[in-house]
Amino acid sequence: AGLTLAALPWAVVDATIGGKPYRFVNTHLENGYVDGFPGVIQSAQAVQILQATAGAALERKLILVGDMNSSKWKTPTNAPYDVFVGSGLVDPLGNTYRSQFASGDATAESVINRGASSFNAYDATDVAGDPGTTGSYIDYIFTSKMRVQLYENVASIDSAGNRVGAIPSDHNMQFAILGLP
């Protein structure tokens, strides 16, 4: 019996910039379990995305963004992250399993609000995290190998580490300035 996937919303936008082809993919993976195991659905959906965009990483630069509904704290695995990074995509933040610190694989040259988590649950308190740490992300920007000049976990955070102003969503927008080769 095979795994039946729920509807998988995603979009592909192909563009040519400076004569070079690029592919931009946006997705929102399911938040669910199969037989009590987390990550099975998200892993299968991640593989499905890579199959649907087959060759993109080889033929063109790929930018993949979205809500992966999985984090580095997910037990036993951060399945979609493993699938995407295992395919050769890069996490500019260099998230590391069950650690608040970035790995040496981080490529973002500058990061704003690194310590805040991408999922905020409309909670305004204590979001900044300790200086130099990386929050928990379920929303990601993955790229082919390319320059990431700036990565921002978009949130208004005061000096005490709390959100200020209206919180428009239960997720923070993720923003990056990429140096497309």
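In what follows, residues are counted from 1 in the order of the sequence shown.
Between Asn172 and Asp139 the shortest side-chain heavy-atom distance does not fall below 4.5 Å.
When all heavy atoms of Ala79 and Ser70 are compared, the closest pair comes out as N-OG, 3.9 Å. Looking at every heavy atom in both residues, Asp82 comes nearest to Tyr97 through OD2-OH, 2.6 Å. The shortest non-hydrogen separation linking Ile138 to Ser71 is CG2-CB, 3.8 Å.
Note on Val83: it clusters hydrophobically with Val65, by side-chain heavy-atom contacts below 4.5 Å among ILVMFWY residues. Ile141 and Leu50 fall within a single hydrophobic cluster, where Ile, Leu, Val, Met, Phe, Trp and Tyr are joined by side-chain heavy atoms under 4.5 Å apart, directly or via other members. There is a path of hydrophobic side-chain contacts, each under 4.5 Å, that joins Val111 to Met146. Residues Leu93 and Ile112 do not share a hydrophobic cluster, clusters being chains of Ile/Leu/Val/Met/Phe/Trp/Tyr side chains in contact below 4.5 Å. Note on Leu29 and Val85: same hydrophobic cluster, where clusters join Ile, Leu, Val, Met, Phe, Trp and Tyr whose side-chain heavy atoms are under 4.5 Å apart, directly or indirectly.
Between the CD atom of Gln48 and the CD1 atom of Ile41 there is a distance of 12.0 Å, given to the nearest 0.5 Å. Interatomic distance, OG of Ser103 versus NZ of Lys72, reported as 10.0 Å (0.5 Å rounding). Residue Asn113 holds its CG atom at 3.5 Å from CD1 of Ile157, rounded to the nearest 0.5 Å. To the nearest 0.5 Å, atom OG of residue Ser136 and atom NZ of residue Lys74 are 9.5 Å apart. Between the CD atom of Gln45 and the CE atom of Met68 there is a distance of 10.5 Å, given to the nearest 0.5 Å. The line from CD1 of Ile63 to CZ of Phe24 is 7.0 Å long, rounded to the nearest 0.5 Å.
Residue pairs meeting the salt bridge (charged side-chain N to carboxylate O under 4.0 Å, His left out) criterion with at least one partner in residues 87-115, sequence neighbours excluded, are Glu109-Arg147. Pairs engaging residues 160-178 under the salt bridge (charged side-chain N to carboxylate O under 4.0 Å, His left out) rule: none recorded [sequence neighbours left out]. Judged as a ring pair (Phe, Tyr, Trp, His ring centres under 6.0 Å), the pairs with a partner in residues 125-172 (not counting sequence neighbours) are, in order, Tyr81-Tyr140, Tyr81-Phe142, Phe84-Phe142, Phe119-His171, Tyr140-Phe142.
As a member of the Ile/Leu/Val/Met/Phe/Trp/Tyr network built from side-chain separations under 4.5 Å, Trp73 groups with nothing else and remains a singleton.
The main-chain N or O of Glu30 is found under 3.5 Å from a side-chain atom of Gln42 such that the two form a donor-acceptor pair. Although no hydrogens or angles enter the test, the distance criterion places no donor-acceptor pair under 3.5 Å between the side chain of Asp67 and the main chain of His28. Between the side chain of Thr96 and the backbone N or O of Phe101 there is at least one donor-acceptor pair closer than 3.5 Å. Judged by distance alone, with hydrogens and angles left aside, the side-chain atoms of Thr133 form no donor-acceptor pair with the main-chain N or O of Gly115 at under 3.5 Å.
The side-chain contact (heavy atoms from CB on, under 4.5 Å) test applied to Val90 returns Thr107, Thr143, Lys145, not counting sequence neighbours. Among residues two or more places apart in sequence or in another chain, the side-chain contact (heavy atoms from CB on, under 4.5 Å) test is passed with Ala160 by Asp158, Asn162.
In the model, Asn153 has no side-chain atom that pairs as donor or acceptor with a side-chain atom of Ser118 under 3.5 Å.
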